[in-house]
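Quick caveat, the model's predicted, so the values are computed rather than measured. For this chain, numbers begin at 1 and follow the sequence in order.
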Amino acid sequence: MSQIRACIFDLDGVIVDTAVYHYRAWKRLANELGFDFTEEDNEKLKGISRVQSLELILGWGGVEKTPAEKLELATRKNTWYVEMIQAMTPDEILPGAKEFLQEVKAAGLKSALGSASKNSGLILERTGLLPFFDVIIDGNVVSASKPDPEVFLKGAEALQIPPQQCVVFEDALAGVQAARAGGMKVIGIGSPEILGDADVVVSGLSAFRVNMLDAL
Ligand code: BG6
Ligand code: MG
């Protein structure tokens, strides 16, 4: 019998396919600054905050900016990103995600969002997924970026469930590390080469069932 009483979900790349929008917007910004970065580099941006993403990208391009310029650049990227997510529909929910959220609810488990994004409210509203979450912890209420466990610990605390009885679903290496640092079980969503530290790695939520939590 599983000890797990709550599921904490990352958003981008686990529930919705927004990683590609982040990539497009950052790429556009880099291109405007006169350089480019690869999809492999982009992997390092997953799970980390907007400000930290910008710092990494500027480093790759060897570009130095003042704090005021950085703020303007991050805002410019976010404006393009928001334009894309504003047009999102429930069709962009990743395969199996809604069904799994329904299964979690039906099994009587609690669920929380644990995302670095400050745009999570808009995304959940556009996709109609807001009602599936008992608690929303996102970039608006968290100060330390993954791999710091703050986002997941705040989720567990708000749900009033001990970390050891929570399982995190994550597509980013930084997120898997954050869950581990918080003393939680973690299911990696993506490739085992990147997420090998997770307890289990699956290609997507369509390949996962609530009864698989029993094995954790
Ligand atoms: C995470 C993404 O979910 O949110 C990161 O994986 C992103 O790539 C971060 O940088 C912050 O998102 P936002 O929407 O606040 O810019
Ligand atoms: Mg993610």
* For Ala181, which residues count as a side chain to side chain contact (heavy atoms under 4.5 Å, CB included) partner, sequence neighbours excluded? -> Pro149

* Salt-bridge present (Asp36, Lys27; N to O < 4.0 Å) -> yes

* If the plane angle is over 60° it's perpendicular, under 30° parallel, otherwise tilted; pick one for Tyr23 and Phe37. => perpendicular

* Considering only heavy atoms from C-beta outward, does the side chain of Leu33 approach that of Asn31 to under 4.5 Å? -> no

* Non-hydrogen side-chain atoms of Phe169 and Ile8 separated by less than 4.5 Å -> no

* Any chance the side chains of Asn78 and Asn119 put a donor and an acceptor closer than 3.5 Å? -> yes

* Can you pull the ring-ring contact (aromatic ring centres under 6.0 Å, His included) pairs that have at least one residue in residues 70-92, sequence neighbours excluded? -> His22-Tyr81

* Does Glu72 come within less than 4.0 Å of Lys65, counting only side-chain N to carboxylate O? -> no

* Asked: If only atom types and distance count, is the side chain of Lys154 paired as donor or acceptor with the main-chain N or O of Val141 below 3.5 Å?
  -> yes

* To do: Check the side chains of Glu92 and Thr127 for a donor-acceptor pair under 3.5 angstrom, ignoring hydrogens and angles.
  => no

* Start with the C-alpha gap between Phe35 and Ile57, add the side-chain angles, then the distance that decides, and say whether side-chain contact (heavy atoms from CB on, under 4.5 Å) holds. => CA-CA 10 Å; Phe35 64 96; Ile57 293 166; 3.8 Å; yes

* Asked: Same hydrophobic cluster for Ile123 and Ile136, using side-chain heavy-atom links shorter than 4.5 Å among ILVMFWY?
  -> yes

* Stepwise side-chain contact (heavy atoms from CB on, under 4.5 Å) test for Met88 and Val16 -> CA-CA 10 Å; Met88 277 180 90; Val16 285; 3.9 Å; yes

* Asked: Should Glu55 and Lys70 count as an ion pair when the cut-off is N to O under 4.0 Å?
  -> yes

* Cationic N near anionic O, under 4.0 Å, Asp10 to Lys46 -> no

* **Linked, directly or transitively: Ile85 and Trp26 (ILVMFWY side chains, under 4.5 Å)** => no

* Asked: Is it the case that one hydrophobic cluster holds both Val82 and Leu54, taking links as side-chain heavy atoms less than 4.5 Å apart, direct or via other members?
  -> no

